[in-house]
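In listed order, ligands and their atoms are each counted from 1.
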Amino acid sequence: MSSISVLVVCLGNICRSPMGEAVLQHIANERGIEMVVHSAGTAGYHIGEEPDERTTATCRKHNVPIDHEAQQVKESDFRTYTHILASDESNLRNLERIKPHDTTAEIRLWGSYLDGKPIADPYYGSMGGFETCYQQCVRYSKAFLDQVVGEKPSANL
Ligand code: 4NP
């Protein structure tokens, strides 16, 4: 088991971050990296809910297993996880605002490991936004693992 543990964060924890959790876990597994990955939202509107059906459909389409119940970020998360990955700047700002003084996690925009872009909120949009989100989750998962775990795989994983 690597000592890396990751919390992927969005607003509601039903669209972007459960997809991010599923994709990052899946790619880490494919690379043979044992890693704890969870997700949470900065807001509590959807606590206890399953992921949005468009997130589930997008993961299924790409054969990525997904199983999650929405939860809100809590104070202990800032000490439990080594890395907290924010989906966009608004969530990054909220995480920085609520983090306790004894935070040990590194808190970054997920896209900062690659192109510095946010993952746009697909909630009020069409399925296209969920596919874009998926593609970003794949690229950002690979970039994160390349940089944080260190070795790039020889296959295209
Ligand atoms: P997420 O998307 O942050 O990617 O889970 C959203 C889900 C719900 C809401 C907003 C964004 N909402 O306003 O209820």
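- Listed by first and then second residue, the salt bridge (Lys or Arg N to Asp or Glu O under 4.0 Å) pairs that reach into residues 43-59 are Asp52-Arg54, sequence neighbours excluded.
- Under 4.0 Å is where a charged nitrogen must lie from a carboxylate oxygen, and between Arg31 and Asp146 at least one such pair does.
- Hydrophobic side-chain contacts under 4.5 Å tie Tyr124 into a cluster, directly or through other members, with Ile14, Tyr123.
- The side chain to side chain contact (heavy atoms under 4.5 Å, CB included) test with Val37 singles out one residue from His83, His26, Gln25, and that residue is Gln25.
- Sorted by chain and number, the heavy-atom contacts of ligand 1 below 4.0 Å come from Cys10, Leu11, Gly12, Asn13, Ile14, Cys15, Arg16, Tyr45, His46, Asp121, Tyr123, Tyr124.
- The hydrophobic cluster containing Leu11, built from Ile/Leu/Val/Met/Phe/Trp/Tyr side-chain heavy atoms closer than 4.5 Å, also comprises Tyr45.
- Below 30°, between 30° and 60°, or above 60°: for Tyr81 and His38 the angle between ring planes is above 60°, a perpendicular geometry.
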